[in-house]
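A short write-up of the structure that comes next.
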Protein chains: 2
Amino acid sequence: MARGTGTSSAKMKDVAERAGVSIKTVSRVLNNEPHVQEKLRQKVREAAEALDYVPSQSARSLRGNRSYDINLVCHVAGSNYVNSIQFGAVFACQELGYQLSISLLENLGGKSIAEIRSAFEGLMRRRKPDGVVLLAPYANDEKIGFVLNEMGIQVVRVGPVDGTQNQGLLVEIDDYQASIDVVRHLTNLGHKRIGFVRGSQDQRSAHVRYSGFCVAMEAAGLVVDQELVRPGAFDFAAGYDAGVHFLGLKQPPTAVFASNDDMAAGVVAACTERGVKVPDDLSIVGFDDAEIATRMRPFLTTIRQPLHDLGARAIHELIGSFNSSTSKNSAHRVVLDHELIIRDTTGSPPK
Amino acid sequence: MARGTGTSSAKMKDVAERAGVSIKTVSRVLNNEPHVQEKLRQKVREAAEALDYVPSQSARSLRGNRSYDINLVCHVAGSNYVNSIQFGAVFACQELGYQLSISLLENLGGKSIAEIRSAFEGLMRRRKPDGVVLLAPYANDEKIGFVLNEMGIQVVRVGPVDGTQNQGLLVEIDDYQASIDVVRHLTNLGHKRIGFVRGSQDQRSAHVRYSGFCVAMEAAGLVVDQELVRPGAFDFAAGYDAGVHFLGLKQPPTAVFASNDDMAAGVVAACTERGVKVPDDLSIVGFDDAEIATRMRPFLTTIRQPLHDLGARAIHELIGSFNSSTSKNSAHRVVLDHELIIRDTTGSPPK
DNA sequence: CTGTTAGCGCCTTCAC
DNA sequence: GTGAAGGCGCTAACAG
């Protein structure tokens, strides 16, 4: 009987015995702590390997007051954006010995601090995560940051955030510059009447992209015609509606910049239905380089956001902050590179 | 100082003191065990409430009980299919007081039991989940089922599974019947030359859908021309390739049934590029009713799979099985309804 | 540099 | 019906 059944696993004690050292030494080696001879290190590692030893997370958390759990809070609506970030995050967690769990949160807009606190406590009661990843539209909510802070949970935000939020961890791309890049691409092609489809008002990125657009237009000596600026909600339907609107205009734009790919695809769909040629009659640019960008025809010109890396980096920052001796409220902002991907939906303006 | 800081929480001991009972009594009450006077029950509950007591998950699982954690194992490639199921699962978990965590697993095809065991142990032994949700392509892997079973982890599979696997929990739709529905729709329209794009060979659903296709063709008195059956991998590119192949044939099919929406969209894209009209020249049907089905033009005719419900139901079955007194290996199979959604990619054959 | 001692918070075993 | 010990596997604190 004894061991070897595969079911019951080896404990630290077993490893210690097999390696001929004390339990504490095993603990030291496994946690990469200093003050152990290289020889013993080897021995312990071999013993652990041979016994197929896996540390018990429960025991560890109980003793160390850590859960080794990171929670990704997202909105109750799956999108390729969220899923890609999540994917990168799970991957990084696995690599670092953490576990990623997912929470869904209803829209909290306008809720009081007390309500928000209770929502989070309900969510995290069972197992308090060591850290939380906040995605749009929650990344920019200062109340949520306050509540989490109060609960002693470290936070990392992904995506642009208000100036007032400039504390804590942040991982993003330069949305502002990316928008400028788009407009520049379009004006280089000779476009002058450029339409814009905005994102959801409750997401900071929507505003940053719009202001980048405006500034770049101005820099190019062009005016922003308010008739060519349409509201949106980062979804296909909004893009489609905007497209229908643009095409119905007496003087339609020759190019449209949509704040994300789903909306750009919607604009293209409106064109396709009406026999408007893309890019011959209308150039279209998106933002994100989501899956849909290469699953539509023509292929979408867009800004590539390294979604996978954003997620992975967020996790690395978070976990790094646990181990860093810096004050727990270490503010750190990392900006990843974006890239303009020129495909088939942009060209010179008609005639 | 003392308590009230919100950060440090009350323990069972504190509750016991406040209620004037022993620790064990508190434990009994909180776990709804019998043999406690109603009076004490009340007292304990009040004390717990007043102290805002939350049991420590780590201590609980260390002592050998449940983790209230359910793990969703999926392949290292996000897809709308997986994400939709996951969404339903998270939602259900939240409702039932469980937490959903995600694991990514490399393809295990052809690996030995020992290798699989070690992969899972690495994944789960850190914190053993109470249950695991297995999605394609892992749902049908009997070795994985064996290993998990050996580890004492309850499993629920989503999607079709081999006959040999007829033990344990299973949630699926009737893929076979759904395929028959598709062919019937096409033959009713008058199609006789019908092409088929297969799914990944390692997923059971691919085979079930194909055999449904064959049977229905035969039932309609049609032959399955092997030149019109193309391999696929459930992704856009495979559909596109198949489409290119079909359109290059001397005698192309008048309709194509692709085993999922991504591939159907690929076929449509091939048509769009070549100026082939859908559905006038070629009818196309997909499977899943994923996001892309309504983000492409024309809208895709497809089979709707209740992905959200499949995920939610899987969780309910799993958690239900924990509480049921039935033997732990309760086999249960639930089949959810599918629906043929007729949109704009199907019509009568040309001429 | 290494080993011993004491719990972390909970639940099970056994007395009362 | 209820309570008092003891230990799950690990690591912080202190010896040696």
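Below, chains carry the letters A, B, ... as their sequence lines are ordered, and counting in each starts from 1. Side-chain atoms are counted along with the backbone in the values below, which use heavy atoms only and exclude waters and symmetry mates.
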- Is a side-chain donor-acceptor pair under 3.5 Å present for A:Ser118 with A:Glu115? no
- salt bridge (Lys or Arg N to Asp or Glu O under 4.0 Å): which pairs involve residues 310-322 of chain A, sequence neighbours left out? A:Arg313-A:Glu317
- Task: Tell me, please, which residues at least two apart from A:His308 pass ring pair (Phe, Tyr, Trp, His ring centres under 6.0 Å).
- Result: A:Phe87
- Item | Residues which pass side chain to side chain donor-acceptor pair (under 3.5 Å) with B:Ser22, listed by chain and number, not counting sequence neighbours | B:Thr25
- Item | Residue pairs passing the side chain to side chain donor-acceptor pair (under 3.5 Å) test where at least one lies in residues 27-50 of chain B, sequence neighbours excluded | B:Asn31-B:Arg60
- Item | With A:Asp69 via salt bridge (charged side-chain N to carboxylate O under 4.0 Å, His left out) - residues at least two apart | A:Arg127, B:Arg127
- Query: With A:Arg333, which residues qualify under salt bridge (charged side-chain N to carboxylate O under 4.0 Å, His left out), at least two apart?
  - Reply: A:Glu172
- Message: Can you give me the first and the last nucleotide of DNA chain C (5' to 3') that has an atom within less than 4.0 angstrom of a non-hydrogen atom in chain A?
- Response: C:dC1 to C:dG9
Scan nucleotides 9-12 of chain D against the protein and return all N/O pairs shorter than 3.5 Å with their distances rounded to 0.1 Å.
| unit_1 | atom_1 | unit_2 | atom_2 | d |
| --- | --- | --- | --- | --- |
| D:dG9 | OP2 | A:Lys11 | NZ | 3.0 |
| D:dC10 | OP1 | A:Tyr53 | OH | 2.3 |
| D:dC10 | OP1 | A:Ser56 | N | 3.3 |
| D:dC10 | OP2 | A:Met12 | N | 2.6 |
| D:dT11 | OP1 | A:Asn31 | ND2 | 3.4 |
| D:dT11 | OP1 | A:Arg60 | NE | 2.9 |
| D:dT11 | OP2 | A:Ser27 | OG | 3.2 |
| D:dT11 | O2 | A:Arg63 | NE | 3.2 |

- Do the side chains of A:Leu148 and A:Leu134 get nearer than 4.5 Å, heavy atoms only? yes
- Query: Can you tell me if B:Asp14 uses its side chain to pair, donor with acceptor, with the backbone of B:Lys11 under 3.5 Å?
  - Reply: yes
- Item | Side-chain (B:Asp130) to main-chain (B:Ser67) donor-acceptor, under 3.5 angstrom | yes
- Message: A:Arg117: which residues meet the salt bridge (charged side-chain N to carboxylate O under 4.0 Å, His left out) condition with it, sequence neighbours left out?
- Response: A:Glu150
- Task: Can you pull out how bent the helix from C:dC1-D:dG16 to C:dC16-D:dG1 is, comparing the axes over its first five and last five pairs, to 10°?
- Result: 40°
- Task: Could you identify which residues of residues 35-44 of chain A place a heavy atom less than 4.0 Å from some atom of DNA chain C, listed by residue number, or say none?
- Result: A:His35, A:Val36, A:Gln37, A:Leu40
- Message: Tell me every residue that passes ring pair (Phe, Tyr, Trp, His ring centres under 6.0 Å) with B:Tyr53, counting only those two or more places apart in sequence or in another chain.
- Response: none
